[in-house]
Amino acid sequence: YIDDGRDDLQWLPPHPRAYYAIDTHLGYGYRLWKARQFDRVFTAQKDAVPQMKRDGVENVAWLPLGCPPAAHISRQEFLDRGAPVEDLKQEWDVAFVGFLNDSHEVGYNNRVDYLDRLFREFPASWLSVNVFFEEMALRFVKARLGFNVSIKRDLNMRVFEVMSTGTALLTNRNVEGIDDLFEEGVDYFGYEGPEEMLEAAHAALDKPEDCARVAASAFQKVRSRHTYADRMKVIVEEMSHV
């Protein structure tokens, strides 16, 4: 059972059953209730593991999100599929594809505020919502930087998706678990807060060779270690011992 953000699905698979909890940072109570019904629990957010253990769920482990390479494809893969070169030019400094939140609650990052600051500084940029798979990948491929800001220190899908497209990632560094998987300055450009975000973006865009180096390192790592096929192998292996 893979959590998809809906809290109204009551169906349970047969035993032995595994649960992959994704949005523990946005709706912990429901995910905890759900987790108690499963033989093995995996959480996409690292900090949910000790939280669930404190709440009595012992059979829980961290399993980060990942990417599907067939959907989040690179420029070369677009070319291999027959896309015209002129359709893949890097037209934009920065691209963001995703959900917009404008909450000012404590602990949240307001994406509208961040994007407003970023796009005022870099007007040759692109914003898309409700765009997925290859259409998402195309937006990132056409940009020099793929932008991310986590809502609540969550290691979200966008980190892996941008890396999978072969575009350099600019993301907030105060994210649970990112340093366990990737290295700042090697695999991504990091920042904390709006001012450092602008500084990091300028530094990256001023040195295209650094963007290319970071993008290449991240692409190799995410494709070789952090696909959803890799994640499913872990689940299947773990469930074979239940």
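The basis for the numbers below is simple: all heavy atoms, side chains too, and nothing from hydrogens, waters or symmetry mates.
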Report the residues that fulfil salt bridge (charged side-chain N to carboxylate O under 4.0 Å, His left out) with E195, sequence neighbours left out, ordered by chain and then residue number. R117
Shortest non-hydrogen contact between T171 and I178, atoms and distance: CG2-CD1, 4.0 Å
So NE2 of H202 and NZ of K207: to nearest 0.5 Å the spacing works out to 14.5 Å
Hphob cluster co-occupancy, L100 + V131, side-chain heavy atoms under 4.5 angstrom: no
D187-S217 side chain donor-acceptor pair, cut-off 3.5 Å: yes
Do the side chains of D39 and R17 get close enough for a salt bridge, i.e. N-O under 4.0 angstrom? no
Passes salt bridge (Lys or Arg N to Asp or Glu O under 4.0 Å), E196 versus R173? Steps please. CA-CA 11 Å; E196 192 177 0; R173 72 169 65 88; 2.8 Å; yes
Does atom CH2 of W62 have more than 12 heavy-atom neighbours from other groups under 6.0 Å away? yes
Once rounded to the nearest 0.5 Å, what's the spacing between atom CD of E192 and atom CG of N174? 4.5 Å
Do R40 and F42 meet the cation-pi criteria used here (NZ or CZ under 6.0 Å from the six-membered ring centre, within 45° of the axis)? yes
Under 3.5 Å, is there a donor on one side chain and an acceptor on the other for S164 and R223? yes
Side chain to side chain contact (heavy atoms under 4.5 Å, CB included) evaluation trace for K53 with V49: CA-CA 6 Å; K53 287 186 174 181; V49 174; 4.1 Å; yes
Give me the atom names and distance for the closest heavy-atom approach of R158 to F147. CD-O, 3.2 Å
D55 side chain reached by R36 side chain, heavy atoms, under 4.5 Å: yes
Heavy-atom pair with the smallest gap, counting every atom of V162 and A168: CG1-O, 4.0 Å
Return the CG to OG1 distance between L138 and T165, rounded to the nearest 0.5 Å. 10.0 Å
So, do H72 and F160 have ring centers that fall under 6.0 Å from each other? no
I would like to know whether R139 and E135 meet salt bridge (Lys or Arg N to Asp or Glu O under 4.0 Å); could you show each step before the answer? CA-CA 7 Å; R139 269 66 171 181; E135 288 297 314; 2.7 Å; yes
Distance check, rounded to the nearest 0.5 Å: F189 atom CZ versus E199 atom CD? 14.5 Å
Would you call R225-D230 a salt bridge at under 4.0 Å N-O? no
I'd like to know whether Q90 forms a side chain to side chain contact (heavy atoms under 4.5 Å, CB included) with R144, so could you lay out the CA-CA distance, the side-chain angles of the two residues, the decisive distance to 0.1 Å, and finally the verdict. CA-CA 6 Å; Q90 286 186 318; R144 297 170 183 84; 4.0 Å; yes
I151-V159 co-clustered via ILVMFWY side chain contacts under 4.5 Å: no
Show your working on side chain to side chain contact (heavy atoms under 4.5 Å, CB included) between C211 and L145 and close with a plain yes or no. CA-CA 8 Å; C211 279; L145 286 175; 4.0 Å; yes
Quick one: does R111's side chain have a donor or acceptor within less than 3.5 Å of a partner on G98's backbone? no
Could you pull out the closest heavy-atom pair between Y114 and N109, with the gap in Å? OH-OD1, 3.9 Å
Check for me, please, whether F96 and V129 land in the same ILVMFWY cluster - side-chain distances under 4.5 Å, paths through other members count. yes
Quick check: closest heavy atoms across Y20 and P64, and the distance to 0.1 Å? OH-O, 2.8 Å
Could you check if a side-chain atom of F99 sits within less than 4.5 angstrom of a side-chain atom of N130, using non-hydrogen atoms only? no
Not counting sequence neighbours, which residues clear salt bridge (charged side-chain N to carboxylate O under 4.0 Å, His left out) with D180? List them please. K46
Go through the steps for N148 and N156 under the test side chain to side chain donor-acceptor pair (under 3.5 Å), then give the verdict. CA-CA 9 Å; N148 179 55; N156 59 25; 2.9 Å; yes
So, are K34 and D3 salt-bridged, with charged N and O less than 4.0 Å apart? no
Let me check something: do F182 and L65 share a hydrophobic cluster, defined by ILVMFWY side-chain heavy atoms less than 4.5 Å apart, either directly or through other members? yes
Within the 4.5 Å heavy-atom criterion, are M52 and V60 side-chain neighbours or not? yes
Does a donor on one side chain and an acceptor on the other come within less than 3.5 Å for H25 and E176? no
Pairing of K233 and E237 as salt bridge, 4.0 angstrom limit: no
A215 versus T167, closest heavy-atom pair with distance: CB-C, 3.8 Å
Can you tell me if D23 uses its side chain to pair, donor with acceptor, with the backbone of L26 under 3.5 Å? no
Could you tell me whether a side-chain N or O of N172 sits under 3.5 Å from a main-chain N or O of Y191, the two making a donor and an acceptor? no
If we ignore hydrogens and angles and just use 3.5 Å, is the side chain of Q45 paired with the main-chain N or O of D154 as donor and acceptor? no
Do W126 and F133 sit in the same hydrophobic cluster, where Ile, Leu, Val, Met, Phe, Trp and Tyr count as joined when their side-chain heavy atoms come under 4.5 Å apart? no
Is there side-chain contact between I235 and L63, with heavy atoms separated by less than 4.5 Å? yes
For the residue pair Y108 and N101, establish whether any side-chain heavy-atom pair is separated by less than 4.5 Å. yes
Checking Q37 side chain against W33 main chain: does a donor-acceptor pair fall under 3.5 Å? yes
Distance check, rounded to the nearest 0.5 Å: N59 atom CG versus Y19 atom OH? 12.5 Å
Run the side chain to side chain donor-acceptor pair (under 3.5 Å) test on Q51 and D47 for me, step by step, so that the C-alpha distance in whole Å, both residues' side-chain angles and the decisive distance to 0.1 Å come before the verdict. CA-CA 7 Å; Q51 190 175 8; D47 56 355; over 6 Å; no
For the atom pair CG (L181) and NZ (K221), what is the distance rounded to the nearest 0.5 Å? 9.5 Å
Show your working on side chain to side chain contact (heavy atoms under 4.5 Å, CB included) between H226 and R231 and close with a plain yes or no. CA-CA 7 Å; H226 304 297; R231 303 304 186 236; 2.9 Å; yes
